[in-house]
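Report on the structure given below.
Only this structure's heavy atoms are used, side chains among them; waters, hydrogens and symmetry mates stay out.
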Amino acid sequence: MTSRPLDRDADLPLWQQLQRDLVTRLEAGEFADKFPGELALVHDYGVSRHTVRQALARLRADGLIVAGRGRQPKVATAPEIHQPLGALYSMFASVEAAGLDQHSTVRTLDIRADALIAERLGLEGSTPMVFLERVRHAGDEPLAVDRVWLPAALARPVLDADFRHTALYRELEDRTGIVVSRGREEIRAVVPTAGERRLLGCGRDAAALSITRLGYTTDGPVEWRHTIVRGDRFALTAEYSAGAYRLTS
């Protein structure tokens, strides 16, 4: 006999019954201290592990729980890092403003050519560019995969920077005198690739934001950036009133 039996004769699939019961228990605050693991749910409900995983997948997709590969599920909390729309921001500063330790794992820092990126910066396709790829961490958890391209003729000195705990814009200004003063961003909701999920420590049903940025100095475009950021840890905010919609500055 199970501790929380499901109705096997009902039209509703077992995984959906389980999902609904878990939602009820979540809303009642039953899992405030700890969310049960897969094996505990299999035992408590008398169902297969496949059924449990289907139910948990829906809870993750709905943003009610978070769980990475091989990690115990836990109740999702409100995003830890809030970033205003319409402001030229540094993720480094946003994370530290949230009171979290900011650090990065640098995967690549080199010079290479990329015809598509060069075109976006108004350059010849064979133009050498500094390429920086980092996994950004906020506290103990991965937050984002960040990839940046800068013309090597301007940004070569940043190759000597240690990007494990520093901001790109800070290093760019200190080492070259270049100040990124404005930009244009496009933000989309995406499902991360398998490689990005591995780097971010999230499951197949995790939601993420894809943010592309074209950064400018007073002389023109100087930065192309693509960031995949975990949707459960990062939120974008804006201010509005009855008469107008105003991006937060």
Side-chain angles (χ1 to χ4, degrees), residues 1-83 95 98 100 105 135-147 186-212 226-238:
M1 181 177 178
T2 64
S3 59
R4 300 186 69 89
L6 302 176
D7 186 355
R8 297 180 180 273
D9 296 322
D11 293 333
L12 201 64
L14 288 176
W15 74 263
Q16 199 166 354
Q17 293 183 50
L18 173 56
Q19 178 256 341
R20 290 187 176 184
D21 192 60
L22 290 173
V23 169
T24 299
R25 297 172 70 183
L26 280 164
E27 291 175 344
E30 189 172 335
F31 303 127
D33 295 327
K34 183 180 180 181
F35 192 87
E38 288 183 5
L39 292 179
L41 292 173
V42 166
H43 177 268
D44 288 348
Y45 286 90
V47 294
S48 70
R49 198 162 186 173
H50 177 69
T51 296
V52 168
R53 286 175 174 172
Q54 284 183 292
L56 294 182
R58 178 57 62 86
L59 294 180
R60 286 196 300 269
D62 292 340
L64 298 177
I65 65 170
V66 293
R69 180 180 298 178
R71 295 184 180 182
Q72 177 85 5
K74 61 181 180 180
V75 179
T77 58
E80 298 170 84
I81 299 99
H82 291 263
Q83 175 57 51
V95 171
L100 297 168
T105 300
V135 178
R136 315 292 295 273
H137 296 260
D140 296 328
E141 297 279 340
L143 172 65
V145 179
D146 192 37
R147 303 178 179 101
E186 182 175 279
I187 303 167
R188 296 175 181 269
V190 299
V191 176
T193 66
E196 289 164 345
R197 291 196 304 269
R198 177 177 55 81
L199 294 174
L200 292 172
C202 55
R204 288 186 297 175
D205 300 307
L209 296 174
S210 169
I211 306 173
T212 56
H226 182 216
T227 305
I228 298 292
V229 58
R230 282 174 48 168
D232 61 331
R233 304 202 66 201
F234 188 82
L236 294 159
T237 60

Inset, instruction - For side-chain contact (heavy atoms from CB on, under 4.5 Å), just list the numbers for L39 and V52, CA-CA rounded to whole Å, side-chain angles, deciding distance to a tenth of an Å, and then say yes or no. - result: CA-CA 9 Å; L39 292 179; V52 168; over 6 Å; no
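- Smallest separation of non-hydrogen atoms from V135 and P142: CG1-CB, 4.3 Å.
- Side-chain contact between L59 and Q19 is present, with heavy atoms from C-beta onward closer than 4.5 Å.
- Atoms CZ and CD, on R8 and Q17 in that order, are 9.0 Å from each other to the nearest 0.5 Å.
- Between A208 and I228 the shortest heavy-atom distance is CB-CG2, 4.0 Å.
- When atom types are taken as modelled, the side chain of R197 and the backbone of P192 share a donor-acceptor pair closer than 3.5 angstrom.
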Legend entry - Worked verdict on W15 versus V47 for side-chain contact (heavy atoms from CB on, under 4.5 Å): CA-CA 9 Å; W15 74 263; V47 294; over 6 Å; no
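- The minimum heavy-atom distance linking R230 with L200 is given by the pair NH1-O, 3.2 Å.
- When all heavy atoms of L14 and D7 are compared, the closest pair comes out as CD2-O, 4.1 Å.
- Side chain of R233 to backbone of A138: a donor-acceptor contact under 3.5 angstrom is found.
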Legend entry - Derivation and outcome, side-chain contact (heavy atoms from CB on, under 4.5 Å), residues Y45 and L22: CA-CA 11 Å; Y45 286 90; L22 290 173; 3.8 Å; yes
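- In summary, E186 and R188 engage in a salt bridge, as defined by a charged side-chain N under 4.0 Å from a carboxylate O.
- Contact record, L41 with L56: CD1-CD2, 4.0 Å, taken as the closest heavy-atom pair.
- Residues meeting the side-chain contact (heavy atoms from CB on, under 4.5 Å) test with R20, sequence neighbours left out: L12, Q16.
- Residues T193 and E196 have side chains that bring a donor and an acceptor to within less than 3.5 angstrom of each other.
- In this structure, H226 and I211 have side chains that are not in contact, with every pair of non-hydrogen atoms separated by 4.5 Å or more.
- E38 meets the side chain to side chain donor-acceptor pair (under 3.5 Å) test with R49, R53; sequence neighbours excluded.
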Legend entry - side-chain contact (heavy atoms from CB on, under 4.5 Å) evaluation trace for F234 with T227: CA-CA 12 Å; F234 188 82; T227 305; over 6 Å; no
